[in-house]
Amino acid sequence: MVPVLLLFVFTACEPQVTSAPDLASAPQSDNVTFEYEPNAENPNVIQFVNTSESFKALWDFGNGSTAEGDTVTGEFPQKGEYTVTLTIFTESGQAKNSKSITIEETNALMLDDPDLNMLTGGADQIEGKTWVIDSTQIGHLGVGPADGYEPGWWAAPALDKQGKGIYDDEYTFKLDGFSYEQQTNDDIYVNVGYPDEFAGAVQEDGGDDYIAPFEGGSDFNFVLKEEEGKMFLEITGGGHIGYYSGSRTYEILALSENELYLRNLNHDGAEAWYQRLIPKGYEHPPEILPYESEALVDNFDEEGNVSWATDQITNFNENYDNPAPLAADTTNKVAKYAKGEGQFENVYIDLGYELNLNERSTIRLKAYLPSYNDYETVDPNAADWAPGNLLKQVEVKLHNVNGETGLGGNSWQTQANIIKPVAETGEWVELEFDFSGFSDREDFDRIIIQIGGEGHGMPGTFFIDDFELVE
């Protein structure tokens, strides 16, 4: 945005009179004269002197600021052409005249714009302000439709891209010279459309993402601008912010002392990427969740009271036709759970409270494991602790993720989990997971469902229905 320029006015010394209008008649434009001189130490500060004979002098500096007096000082932080107008008042009337002045360079340290100060730390933080991806929070990366304003298709779980060349990157904005520094530790995370831009890019997990070599730099610049009521941040000179999807122009959805929330279109404009950043070293205050219980239900035919999220899974369909409307489940709609080649794929529910297992501790659901899945082949790249093949099982886990003592991406360390083997494929089975043995725990805030086992990349398709949490 264009900042509001501040003006400091000083009155001093006697004006130099070069002409005297005839006081019997009103002054004309030719009778209005003034001189100006830039400050020797700062050419963006200019002193103006009224050299006309008058009893009052008013100035309009052409930058939204005005002043009164025969000798005044104007400040022009931004480069450009400014039309300065002096209006004089005499006993016979008033007149005005204008001159054009040129400011050659922007002096960013003179700017006092709230958004620039939030982004850079302002003039008092000459070394700039460093931002990092907010990796411990859900939704720090996301993707959605090109015309949307939220990552409706996918939101990254906490620490979801660990080791992908993005969480150790730093982005520093400096007010002085509008300079931008990108520290990458020699690798970055990029979209499928741009591996050729970075020689040596390596495809990640067989998907659309690449880890690419990139040294970053300290000789980039940024532009903060407002267009049609929206604020944009543009990186120039070859740098970018966070996950690179082909664009270096980011719409700012939120900017505060401890939050920078960005949106930009990918390389072909088909979808929008979202990124949340925080200042380096900032720690979110712990969220204190209530300790309660609520009956949960989702039969996928009607609207339930459950909001499902996915971890690595890209195909979880909550409105899928029942593949086997048999006696155990004759409903029309179920949820399709398609495991890909990720080793830790699952779906989950963030409760928004810490679950009181003394009130409700039993999770029930129906599962259908098709016989056409490959349950025998062992993944050669499986973890050494995993069997390595697709398992005929459904596992439900309770994790402590988001609360005051939440462990985020390490919540598996204190999980409660129950595994139910499924002996028969090709039919619906009813499963019950009783967590009453963990009723002394008061910190579970996430319910996870994982089918087919973990620690391997063997794909499989499964179906679930009639999920509920009961007493």
Chemist: The test is side chain to side chain contact (heavy atoms under 4.5 Å, CB included); show your working for Leu357 and Leu398 and say whether it passes.
Modeler: CA-CA 11 Å; Leu357 291 171; Leu398 303 181; 4.1 Å; yes
Chemist: Tell me if the CG atom of Asp124 is crowded by more than 12 foreign heavy atoms within 6.0 Å.
Modeler: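 Open.
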Chemist: If only atom types and distance count, is the side chain of Asp379 paired as donor or acceptor with the main-chain N or O of Gly457 below 3.5 Å?
Modeler: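 Confirmed, Asp379 side chain pairs with Gly457 backbone.
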Chemist: Quick test of your reading: applying ring pair (Phe, Tyr, Trp, His ring centres under 6.0 Å), list the pairs with at least one residue in residues 408-430, sequence neighbours left out, ordered by first then second residue.
Modeler: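 As it turns out, the ring pair (Phe, Tyr, Trp, His ring centres under 6.0 Å) pairs with a partner in residues 408-430, which skip direct neighbours, are Tyr368-Trp428.
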Chemist: Which residues satisfy the salt bridge (charged side-chain N to carboxylate O under 4.0 Å, His left out) test with Glu432, sequence neighbours excluded?
Modeler: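 Per chain and number, Glu432 pairs via salt bridge (charged side-chain N to carboxylate O under 4.0 Å, His left out) with Arg364.
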Chemist: I'd like to know whether Thr130 forms a side chain to side chain contact (heavy atoms under 4.5 Å, CB included) with Gln183, so could you lay out the CA-CA distance, the side-chain angles of the two residues, the decisive distance to 0.1 Å, and finally the verdict.
Modeler: CA-CA 10 Å; Thr130 300; Gln183 180 178 324; over 6 Å; no
Chemist: Atom NZ in Lys366, atom CG in Asn299: separation rounded to 0.5 Å?
Modeler: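 If we round to the nearest 0.5 Å, Lys366:NZ and Asn299:CG are 9.5 Å apart.
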Chemist: May I ask you to establish whether Lys164 and Tyr189 are in a cation-pi arrangement, using a distance under 6.0 Å from NZ or CZ to the six-membered ring centre and at most 45° from the ring axis?
Modeler: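 Not satisfied by the 6.0 Å and 45° rule.
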Chemist: When you measure from the side chain of Asn373 to the backbone of Tyr375, do you find a donor-acceptor pair of N or O atoms at a distance under 3.5 Å?
Modeler: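 A pair under 3.5 Å: no.
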Chemist: If you count every heavy atom of other residues, nucleotides or ligands that lies below 6.0 Å from Glu294 atom CD, does the total exceed 12?
Modeler: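 Yes, CD of Glu294 has more than 12 neighbouring heavy atoms, counting only those of other groups under 6.0 Å.
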Chemist: For Glu150, does its backbone N or O pair with a side-chain atom of Tyr274 as donor and acceptor, under 3.5 Å?
Modeler: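 Confirmed, Tyr274 side chain pairs with Glu150 backbone.
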Chemist: Spell out, as yes or no, whether a donor-acceptor pair under 3.5 Å connects the side chain of Tyr167 to the backbone of Lys161.
Modeler: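 Pair found, side chain donor or acceptor close to backbone of Lys161.
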Chemist: I'd like to check the side chain to side chain contact (heavy atoms under 4.5 Å, CB included) partners of Ala158; sequence neighbours left out, ordered by chain and number.
Modeler: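 For Ala158 there are no side chain to side chain contact (heavy atoms under 4.5 Å, CB included) partners, ignoring immediate neighbours.
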Chemist: What pairs with Phe316 under side chain to side chain contact (heavy atoms under 4.5 Å, CB included), at least two apart in sequence or on another chain?
Modeler: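 Phe316 satisfies side chain to side chain contact (heavy atoms under 4.5 Å, CB included) with Trp308, Thr310, Ile313, Glu318, Ala335, Tyr337, Val347, Ile464 once adjacent residues are dropped.
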Chemist: What pair of heavy atoms forms the shortest contact from Pro145 to Arg263, and how long is it?
Modeler: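 For Pro145 versus Arg263, the nearest heavy atoms are O-NH2, 4.2 Å.
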Chemist: Residues two or more places apart in sequence or in another chain: which of them pass side chain to side chain contact (heavy atoms under 4.5 Å, CB included) with Glu424?
Modeler: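 Partners of Glu424 by the side chain to side chain contact (heavy atoms under 4.5 Å, CB included) criterion, ordered by chain and then number, come out as Glu427.
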Chemist: Any heavy-atom pair between the side chains of Ser361 and Asp434 that's under 4.5 Å?
Modeler: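 Of all side-chain heavy-atom pairs linking Ser361 with Asp434, at least one is under 4.5 Å.
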Chemist: Donor-acceptor pair, Asn44 side chain versus Glu105 backbone, under 3.5 Å?
Modeler: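 Yes, because the side chain of Asn44 sits within donor-acceptor range (under 3.5 Å) of the backbone of Glu105.
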Chemist: Any side-chain to backbone donor/acceptor pair from His456 onto Asn389? Under 3.5 Å, distance only.
Modeler: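 It does hold such a pair.
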Chemist: Where does the angle between the aromatic ring planes of Trp273 and Tyr243 fall among parallel (under 30°), tilted (30 to 60°) and perpendicular (over 60°)?
Modeler: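 If you compare the ring of Trp273 with that of Tyr243, the planes turn out tilted.
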Chemist: Hey, what do you get for OG1 (Thr236) to CZ (Arg248), rounding to the nearest 0.5 Å?
Modeler: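 Answer rounded to 0.5 Å: 10.0 Å.
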Chemist: Val422 pairs by side chain to side chain contact (heavy atoms under 4.5 Å, CB included) with which of Leu391, Ile451, Leu369?
Modeler: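 Testing Val422 for a side chain to side chain contact (heavy atoms under 4.5 Å, CB included) against Leu391, Ile451, Leu369 leaves exactly one candidate, Leu369.
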Chemist: Can you name the side chain to side chain contact (heavy atoms under 4.5 Å, CB included) partners of Asn317, sequence neighbours left out?
Modeler: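 With neighbours one apart ignored, the set is Asn315, Asn319, Tyr320, Lys336.
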Chemist: Can you tell me if Glu257 has over 12 outside heavy atoms packed within less than 6.0 Å of its CD?
Modeler: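 Not buried by this count: 12 neighbours or fewer within 6.0 Å.
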Chemist: Look at atom CD of Glu81 and say whether more than 12 heavy atoms of other residues, nucleotides or ligands are closer to it than 6.0 Å.
Modeler: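 Yes, the 6.0 Å shell around CD holds more than 12 heavy atoms from other groups.
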Chemist: Can you tell me if His284 and Asp134 form a side-chain donor-acceptor pair at under 3.5 Å?
Modeler: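 Checked: His284/Asp134 side chains pair up, N/O donor to acceptor below 3.5 Å.
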Chemist: For Phe220 and Tyr180, take the angle between the two ring planes, folded into 0 to 90°, and tell me which bin it lands in: parallel under 30, tilted 30 to 60, perpendicular over 60.
Modeler: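 Tilted, since the angle between the ring planes falls between 30° and 60°.
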Chemist: Between Leu260 and Leu119, is there a side-chain heavy-atom distance shorter than 4.5 Å?
Modeler: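 Yes, side chains in contact.
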Chemist: Answer yes if the ring centres of Tyr244 and Phe198 are under 6.0 angstrom apart, and no otherwise.
Modeler: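 Yes.
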Chemist: If I take atom CD1 from residue Ile166 and atom CD1 from residue Ile133, how far apart are they, to the nearest 0.5 angstrom?
Modeler: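 One gets 4.5 Å once the value is rounded to the nearest 0.5 Å.
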Chemist: Might you point out which heavy atoms bring Phe214 and Gln182 nearest each other, and give the distance in Å?
Modeler: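 Distance-wise, the nearest heavy atoms are CE2-OE1, 3.7 Å.
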Chemist: Can you tell if the side chain of Ile449 reaches within under 4.5 Å of the side chain of Phe433, non-hydrogen atoms only?
Modeler: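 Answer no - side chains too far apart.
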Chemist: Could you check whether any side-chain heavy atom of Phe178 comes within less than 4.5 Å of a side-chain heavy atom of Thr120, counting everything from C-beta outward?
Modeler: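 The answer is no; the side chains never approach within 4.5 Å.
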Chemist: Which atom pair, heavy atoms only, marks the closest approach of Val334 to Pro323?
Modeler: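 Where Val334 meets Pro323 most closely, the heavy atoms are CG2-CD, 3.9 Å.
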Chemist: Determine whether more than 12 heavy atoms belonging to other residues, nucleotides or ligands lie under 6.0 Å from atom CD of Gln125.
Modeler: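 Yes, CD of Gln125 has more than 12 neighbouring heavy atoms, counting only those of other groups under 6.0 Å.
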Chemist: Taking the inter-plane angle between the rings of Phe438 and Phe444 on a 0 to 90° scale, is it parallel (under 30°), tilted (30 to 60°) or perpendicular (over 60°)?
Modeler: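 Perpendicular: the ring planes of Phe438 and Phe444 meet at over 60°.
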Chemist: Kindly compute the distance separating CD1 (Ile252) from CG (Asp115), expressed to the nearest 0.5 Å.
Modeler: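 Taking CD1 in Ile252 and CG in Asp115, the distance rounds to 7.0 Å.
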Chemist: NE2 of His399 to CD of Gln415: how many Å apart, nearest 0.5 Å?
Modeler: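 Interatomic distance, His399 NE2 to Gln415 CD, rounded to 0.5 Å: 3.5 Å.
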Chemist: Under 6.0 Å from the CD atom of Glu283, do we count more than 12 heavy atoms belonging to anything else shown?
Modeler: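 No, CD of Glu283 has 12 or fewer neighbouring heavy atoms, counting only those of other groups under 6.0 Å.
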Chemist: Is any side-chain heavy atom of Phe173 less than 4.5 Å from a side-chain heavy atom of Leu224?
Modeler: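 Result no, sub-4.5 Å side-chain heavy-atom pair not found.
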Chemist: How far does OG1 of Thr106 sit from CG of Asp176, to the nearest 0.5 angstrom?
Modeler: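 So the gap between those two atoms works out to 11.5 Å.
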Chemist: Could you tell me whether the side chain of Asn191 and the main chain of Gly246 form a donor-acceptor pair under 3.5 Å?
Modeler: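 Answer holds: no.
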Chemist: Evaluate the side-chain proximity of Asn346 to Lys397: yes if any heavy-atom separation is below 4.5 Å, no if none is.
Modeler: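 Side chain of Lys397 against side chain of Asn346, heavy atoms only: no contact under 4.5 Å found.
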Chemist: Start with the C-alpha distance between Met110 and Val45, add both sets of side-chain angles, then the distance that settles side chain to side chain contact (heavy atoms under 4.5 Å, CB included), and finish with yes or no.
Modeler: CA-CA 10 Å; Met110 294 174 61; Val45 176; 3.9 Å; yes
Chemist: So Leu265 and Ser247, do their side chains get closer than 4.5 Å, heavy atoms only?
Modeler: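 Ser247 does not reach Leu265 side chain to side chain.
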Chemist: Nearest heavy-atom pair of Glu259 and Trp131: which atoms, and what distance?
Modeler: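 The answer is C-CZ3, 3.6 Å.
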Chemist: Do other residues, nucleotides or ligands put more than 12 heavy atoms under 6.0 Å from the CD atom of Glu376?
Modeler: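 No.
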Chemist: Going by distance alone, is a donor N or O of one side chain under 3.5 Å from an acceptor N or O of the other, for Tyr250 and Asn264?
Modeler: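 No - no donor-acceptor pair under 3.5 Å links their side chains.
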Chemist: What's the shortest heavy-atom distance between Thr172 and Glu127, and which atoms?
Modeler: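 So the minimum-distance heavy-atom pair works out to CG2-O, 3.8 Å.
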Chemist: If every non-hydrogen atom of Thr461 is compared with every non-hydrogen atom of Pro370, which pair is closest and at what distance?
Modeler: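 Answer, listing the atom of Thr461 first, then Pro370: O-CD, 3.0 Å.
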Chemist: For Gly340, does its backbone N or O pair with a side-chain atom of Glu345 as donor and acceptor, under 3.5 Å?
Modeler: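 Such a contact is found between Glu345 side chain and Gly340 backbone.
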Chemist: Given 3.5 Å as the limit, does a donor-acceptor pair link the side chain of Asn63 with the main chain of Phe76, or not?
Modeler: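 Answer holds: no.
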Chemist: Side chains of Val429 and Val394: closer than 4.5 Å at any heavy-atom pair?
Modeler: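 The answer is no, as the side chains (C-beta and beyond) never meet within the 4.5 Å cut-off.
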Chemist: Just by distance, do the side chain of Asn402 and the backbone of Gly406 share a donor-acceptor pair under 3.5 Å?
Modeler: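 Looks like no, no N/O pair under 3.5 Å.
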Chemist: Only one of Asp321, Asp465, Asp301, Asp298 clears salt bridge (charged side-chain N to carboxylate O under 4.0 Å, His left out) with Lys333; which?
Modeler: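 Exactly one pass, corresponding to Asp321.
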